[in-house]
2 protein chains.
Amino acid sequence: MSGNEKNTEQLILDAARNVFIEKGFDGARMQEIADTAGINKALLHYYYRSKDQLFESVFRESLSTFFPRIFEVMSFPIELSEKIKLFIDSYIDIILQNPHIPAFILHELNRNPARITDILPFTEKTMSGLLSSLSQEIKTAGFIEISPEQLVTNMISLCIFPFIARPIIQPIFLGNDADRFDEFIQNRKTEVTQFILNALTKK
Amino acid sequence: MSGNEKNTEQLILDAARNVFIEKGFDGARMQEIADTAGINKALLHYYYRSKDQLFESVFRESLSTFFPRIFEVMSFPIELSEKIKLFIDSYIDIILQNPHIPAFILHELNRNPARITDILPFTEKTMSGLLSSLSQEIKTAGFIEISPEQLVTNMISLCIFPFIARPIIQPIFLGNDADRFDEFIQNRKTEVTQFILNALTKK
DNA sequence: GTCTATATTGTGATAGAC
DNA sequence: GTCTATCACAATATAGAC
């Protein structure tokens with residue numbers, strides 16, 4: 001091996017990721033994946049027996065890029081308000097690096113909701129532990145009464161939704177200039193953080 | 001006509017709506033639409049020349065169910081806090097009646113973002129008028145400084161996202177009992193309203 | 001308007017040479 | 001491991017009888 005060439009398996013996975021994320025499972029074509037990888041269809045089936053298997057690899061990888069990070073920051077031993085600040089900032093940054101993955105994951109999960117039970121990297125126990133300690137932290141911080149589920153849902157909604165709804169937000173609010181979307185999102189980092197922290201503060 | 005039979009065109013449109021919304025354009029099959037409508041494929045093409053045309057009808061209809069309502073309430077002559085309350089409540093109600101349409105619309109728009117320019121029921125002028133008067137109302141109400149674009153984005157995110165992310169929210173937060181999702185959403189009506197109004201209030 | 005039958009093309013997957 | 005050629009079937013669309 002001369003060194004700077006990626007191995008074929010990785011080449012295929014990269015191509016498949018791009019095509020599946022852009023087109024979805026149903027819209028993706030093995031031919032297009034092969035073309036993108038610079039190889040032919042037969043080789044695709046040599047490495048991954050079927051379209052389903054190739055998709056499965058891409059999907060698991062995508063899910064694991066995003067999912068654990070949601071609760072990672074939330075278990076840091078810092079003040080809740082700092083957690084929230086850190087979460088919003090870092091989570092929006094992650095999405096900025098892979099802006100189409102949230103829509104991809106959610107579309108595929110809606111297409112087949114059962115999929116998630118196979119893949120979920122959490123036990124119910126881990127989850128209920130996180131939720132009950134978050135519940136405690138909300139009280140300790142002197143915030144308004146809110147269930148941890150509703151709070152987490154709100155945080156994630158405010159981070160992710162604008163990326164999924166970009167085809168609407170861009171033309172309605174920002175016109176044709178794509179740069180303004182980046183600006184809009186960068187502003188949101190502080191805007192959303194302040195919005196949430198203020199919402200949680202009693203009067 | 002004996003009375004209680006719908007005409008075939010409507011029968012087809014109903015079937016197409018169900019199938020397209022569940023499977024998306026790429027996943028939908030003309031055969032399945034025909035079966036659902038209780039007719040055969042040839043008749044589909046008799047009424048709608050192609051799959052694209054049939055889809056176009058369904059998509060336009062779906063978009064017009066949802067889109068205008070977003071800004072309808074926002075132009076009522078009532079206090080901003082009342083508008084927000086009314087908007088959250090009525091918008092979540094609309095989504096509850098068509099819980100899969102938001103994911104459908106957003107997926108199809110991401111598949112082809114250009115589509116929206118053909119269909120948008122708003123002129124840029126109407127939009128900028130709404131935004132600048134909303135901007136004024138935020139000041140008049142004595143709320144925190146926030147751009148109308150960010151506020152509207154937040155409101156819509158908090159209403160719509162939980163429906164799109166249901167395949168994640170349900171198993172993580174609510175277990176297997178589907179009824180708990182309805183409960184969760186019903187709670188959100190007041191939770192989200194309070195969350196937003198509190199976020200907008202200066203301390 | 002509605003059907004059966006069929007044309008035509010697209011698509012995932014495999015066989016087999018090198 | 002990689003390719004060309006091809007199979008088998010799925011899917012949109014049309015022709016033509018009733």
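Throughout, a chain's letter reflects where its sequence line sits, starting with A, and its residues are numbered from 1. Model, not experiment: these values are computed from the prediction.
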Under 3.5 Å, which donor-acceptor pairs link side chains of residues 156-175 of chain B to any protein atom two or more places apart or in another chain?
from, atom 1, to, atom 2, distance (Å)
B:Ser157, OG, B:Thr153, O, 2.6
B:Arg166, NE, B:Gln170, OE1, 3.2
B:Arg166, NH2, B:Gln170, OE1, 2.9
B:Gln170, NE2, B:Gly175, O, 3.2
B:Gln170, NE2, B:Asp177, O, 3.0

Measure [atom1]/[X] against [atom2]/[N] and give the value in whole Å, please.
{"X": "A:Asp52", "N": "C:dG12", "atom1": "CG", "atom2": "P", "answer": "10 Å"}
{"X": "B:Glu9", "N": "C:dG1", "atom1": "CD", "atom2": "P", "answer": "9 Å"}
{"X": "A:Ile33", "N": "C:dA13", "atom1": "CD1", "atom2": "P", "answer": "11 Å"}
{"X": "A:Ile12", "N": "C:dA13", "atom1": "CD1", "atom2": "C1'", "answer": "14 Å"}
{"X": "B:Tyr47", "N": "D:dT14", "atom1": "OH", "atom2": "C1'", "answer": "17 Å"}

### Task
Choose from C:dG1, C:dA13, D:dG1 the nucleotide whose nearest atom is closest to any side-chain atom of A:Lys51.
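Of all the options, the side chain of A:Lys51 is nearest to C:dA13.
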### Summary
Side-chain contact check for A:His45: nearest option of C:dT2, D:dG1, C:dT14 is C:dT14
### Query
Closest heavy-atom contact between A:Asn40 and A:Ala34?
C-CB, 3.7 Å
### Message
Please give me the minimum heavy-atom distance between A:Val73 and A:Lys83, naming the atom from each residue.
### Response
CG1-O, 3.7 Å
### Message
Using 30° and 60° as the class boundaries, would you call the ring planes of B:His107 and A:His107 parallel, tilted or perpendicular?
### Response
parallel
### Query
Of all of residues 34-43 of chain A, which get a heavy atom below 4.0 angstrom from DNA chain C, listed by number?
A:Lys41, A:Ala42
### Within residues 14-32 of chain B: residues closer than 4.0 Å to DNA chain C (heavy atoms)
none
### Message
Between B:Lys51 and B:Phe20, is there a side-chain heavy-atom distance shorter than 4.5 Å?
### Response
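In contact.
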#### Entry: Residue pair B:Asp14 / B:Gln10, side-chain donor-acceptor N/O under 3.5 Å
yes
### Message
Can a side-chain donor-acceptor contact be found between A:Gln150 and A:Asn154 if the only test is distance below 3.5 angstrom?
### Response
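The criterion, which ignores hydrogens and geometry beyond distance, is not satisfied for A:Gln150 and A:Asn154.
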### Query
Once you round to the nearest 0.5 Å, how far does CZ of B:Arg115 lie from CG of B:Leu63?
10.0 Å
### Message
For D:dG1 and A:Thr8 - does any side-chain N or O of the residue sit under 4.0 Å from the phosphate oxygens OP1/OP2?
### Response
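The answer is no; no side-chain N or O of A:Thr8 sits under 4.0 Å from OP1 or OP2.
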### Query
With distance as the sole test, does A:Ser135 use its side chain to make a donor-acceptor pair with the main-chain N or O of A:Leu131 at under 3.5 Å?
no
